[in-house]
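For clarity, every value in this text was computed on a predicted model and none was experimentally measured. Chain letters run A, B, ... following the sequence lines, proteins first, then strands; residues in each count from 1.
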Amino acid sequence: MRALPADFAPRLIHWQARDGRHGLPWQGTRDPYRVWLSEIMLQQTQVSTVLAYYPRFLERFPDVAALAAAPIDEVMALWSGLGYYSRARNLHRCAQAVVADHAGRFPTTAAGLETLPGIGASTAAAIAAFCFGERVSIVDGNVKRVLARLLAFDGDVGQAAGQRALWDLAQGLLPPQPSNEDMRAYTQGLMDLGATVCTRTRPRCEVCPARGLCLAFEREAIARYPVKTRRVQRRFERWWLLFAVRGDAVWLQRRPERGIWAGLHSPPVFAGEDDMRAAVPAGWPSHWNATEPVAHALTHRELQLLPHWVAVSEAPAGWAGEWVKRSALASVGLPAPVRSLLGGAWATQVLDQ
DNA sequence: TAATCGTGGGA
DNA sequence: TTCCCAAGATT
């Protein structure tokens with residue numbers, strides 16, 4: 001393979017200053033708490049999505065001590081709809097670890113940061129580079145794509161071995177003796193280049209600062225990179241949801257600590273209609289209303305949610321869970337489709353009666 | 001190592 | 001419609 005282009009880092013830093021992104025809410029601060037929060041929210045999540053959550057979260061939890069002292073349910077409620085809920089649980093654990101084990105201050109090195117819950121190698125590098133100017137490279141989706149093209153990297157970036165190889169290459173591309181400001185611009189530049197120029201489809205090579213260095217461009221093989229062979233296969237499942245309503249409240253249970261929607265609240269879920277009917281206490285109305293099935297795709301599942309509604313006058317004997325008033329739903333962590341169903345026309349009708 | 005874990009947007 | 005995947009970590 002050709003030697004790594006020494007000119008890449010200075011070009012990227014220069015480009016970032018002029019053409020990179022500068023106005024995002026988590027930029028312009030070196031507060032590790034704020035940078036950390038943004039990095040966790042941005043894991044596998046688009047910037048446009050995080051923009052709605054970040055300020056709300058910061059307003060409620062302005063610093064790591066506030067977050068550490070909060071009940072987990074409140075954290076889950078603020079994370080509700082953002083997905084990958086283990087991030088929220090780890091976020092809370094991490095804040096408590098920082099307070100309990102680090103005197104309330106985040107470690108100042110990538111190695112130290114990586115020991116904390118929910119902070120992996122890439123997130124640790126991002127925080128260390130942004131906040132402390134450490135000379136370490138991130139390796140996120142943007143970097144994989146940018147470097148795979150720049151170097152015509154033929155390894156499979158979807159596999160661990162390919163990712164490790166790419167990481168070594170990324171380290172080799174870092175500016176040799178960067179100032180703190182250089183590391184911030186370089187790290188941000190990698191992300192910005194991938195997000196705005198070296199995009200997955202139809203990259204804008206004509207404005208790329210690394211065009212003259214890019215092997216894939218030179219070989220007219222941009223579309224071949226990054227190499228990714230693994231493809232997702234979704235398993236289809238039907239979930240029966242039973243919304244028991246009493247007045248202006250609905251019965252919700254806490255989901256198990258592992259699996260889909262772990263730690264969130266939801267109505268009881270059943271694998272079949274027979275299971276659902278068998279779970280209903282004697283004396284309940286024998287008839288309930290089924291509303292339109294909802295298709296909900298997760299990374300590895302294709303769920304078909306089958307909502308059923310029943311109005312009752314007493315708590316279901318023997319069921320775990322609790323009544324949650326409609327006015328309290330905003331402060332409960334709910335899966336996105338459940339929140340949507342509870343805000344829908346049928347729910348409104350039933351909860352208002 | 002490979003599977004698991006959400007959601008919304010774009011092509 | 002269907003597929004890909006976005007500032008990945010954990011087990």
Side-chain angles (χ1 to χ4, degrees), chain A residues 20-21 24-27 34-54 76 79-91 93-94 113-130 137-146 156-164 166-167 184 187-196 198-203 223 226 228-236 255-264 266 294-303 305 333-340:
Chain A
R21 295 175 292 186
L24 296 171
W26 43 86
Q27 294 180 299
R34 291 178 175 242
V35 173
W36 164 69
L37 177 62
S38 76
E39 291 300 331
I40 302 298
M41 284 190 168
L42 286 160
Q43 286 170 1
Q44 300 290 286
T45 308
Q46 293 182 349
V47 168
S48 58
T49 301
V50 172
L51 285 176
Y53 285 79
Y54 185 73
M76 299 307 290
W79 205 271
S80 181
L82 198 50
Y84 281 155
Y85 297 99
S86 64
R87 291 185 295 173
R89 292 190 301 279
N90 284 332
L91 193 83
R93 288 175 49 211
C94 181
L113 288 161
E114 201 177 340
T115 66
L116 292 166
I119 301 183
S122 189
T123 298
I127 300 170
F130 282 135
S137 180
I138 56 171
V139 177
D140 60 11
N142 289 312
V143 178
K144 290 179 196 171
R145 188 172 55 255
V146 169
D156 188 339
V157 303
Q159 294 190 338
Q163 180 158 331
R164 275 195 304 274
L166 210 47
W167 207 307
R184 291 162 59 108
T187 304
Q188 186 66 50
L190 275 179
M191 296 171 172
D192 293 350
L193 193 64
T196 67
C198 196
T199 47
R200 184 169 65 92
T201 57
R202 297 188 50 171
K228 199 172 298 182
T229 58
R230 188 181 56 175
R231 59 180 186 276
V232 297
Q233 49 181 355
R234 292 200 173 114
R235 191 167 78 231
F236 180 83
R255 300 274 306 165
E257 286 308 308
R258 301 199 171 277
I260 292 168
W261 299 336
L264 296 183
S266 87
V294 174
H296 186 71
L298 289 70
T299 307
H300 296 280
R301 307 285 169 91
E302 177 69 39
L303 300 183
L305 305 178
L334 298 175
V338 170
R339 188 175 296 286
S340 174

Checklist entry - DNA chain B: A:R301 or A:R234, which has the more 5' nearest nucleotide? => result A:R301
Next on the checklist: Go nucleotide by nucleotide along DNA chain B from the 5' end; which of A:R164 and A:L298 gets its closest nucleotide reached first?
Outcome noted: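 By nearest-heavy-atom nucleotide position, the 5'-most residue is A:R164.
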Next on the checklist: Under a 3.5 Å threshold, yes or no: a donor from one side chain and an acceptor from the other, between A:D140 and A:S122?
Outcome noted: no
Just how far, in rounded Å, is [atom2] of [N] from [atom1] of [X]?
X	N	atom1	atom2	result
A:Q233	C:dT2	CD	P	16 Å
A:Q46	C:dC4	CD	P	16 Å
A:W26	C:dA6	CH2	P	16 Å
A:E302	B:dT4	CD	P	16 Å
A:H296	B:dG9	NE2	C1'	14 Å
A:R145	B:dG10	CZ	P	15 Å
A:R89	C:dT10	CZ	C1'	11 Å
A:E39	C:dG8	CD	P	8 Å

Can you check whether [X] has a side-chain N or O nearer than 4.0 Å to OP1 or OP2 of [N]?
X	N	value
A:Q44	C:dG8	yes
A:R87	B:dC5	no
A:W261	B:dT7	yes
A:T45	B:dT7	no

Touch class at under 4.0 angstrom, heavy-atom based, for [X] against every strand present:
X	value
A:A160	sugar-phosphate
A:L82	base
A:I260	sugar-phosphate
A:V50	nothing
A:A297	base
A:G81	sugar-phosphate
A:I127	nothing
A:Q27	nothing

For the side chain of [X] and the base of [N], is some donor closer than 3.5 Å to an acceptor across the two?
X	N	result
A:S122	C:dG8	no
A:S48	B:dG8	no
A:R21	C:dA7	yes

From the list [options], which nucleotide is the closest neighbour of the side chain of [X]?
X	options	result
A:Q43	B:dT7, C:dT10, C:dG8	C:dG8
A:Y84	C:dT10, C:dA7, B:dG6	B:dG6
A:Y85	B:dC5, B:dT7, B:dT1	B:dT7
A:T201	B:dA11, B:dC5, C:dA9	B:dA11

Checklist entry - Taking only residues two or more places apart in sequence, or in another chain, which ones meet A:R301 in a side chain to side chain contact (heavy atoms under 4.5 Å, CB included)? => result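 A:R301 satisfies side chain to side chain contact (heavy atoms under 4.5 Å, CB included) with A:R235, A:E237, A:I260, A:L298, A:L303 once adjacent residues are dropped.
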Item to check | Nearest-nucleotide comparison on DNA chain C, the residue closer to the 5′ end among A:R258 and A:F130 | outcome: A:F130
Nearest-angstrom distance, [atom1] atom, [N] to [M]:
N	M	atom1	answer
B:dG6	C:dC5	C1'	12 Å
C:dA7	B:dT4	P	24 Å
B:dA3	C:dC4	P	15 Å

Next on the checklist: For the CZ atom on A:R34, are there more than 12 heavy atoms of other groups (residues, nucleotides or ligands in this structure) within a distance under 6.0 Å?
Outcome noted: no
Item to check | Plane angle bin for A:W261 and A:H296 - parallel if under 30°, tilted between 30 and 60°, otherwise perpendicular | outcome: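 Rings of A:H296 and A:W261: tilted, as their planes differ by 30° to 60°.
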Checklist entry - What pair of heavy atoms forms the shortest contact from A:W167 to A:S137, and how long is it? => result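 Closest heavy-atom pair between A:W167 and A:S137: NE1-O, 3.4 Å.
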Next on the checklist: Just verifying a value: how many Å separate A:R21 CZ and A:Q188 CD, rounded to the nearest 0.5 Å?
Outcome noted: 6.0 Å
Item to check | Separation of A:Q233 CD from A:E302 CD (nearest 0.5 Å) | outcome: 13.5 Å
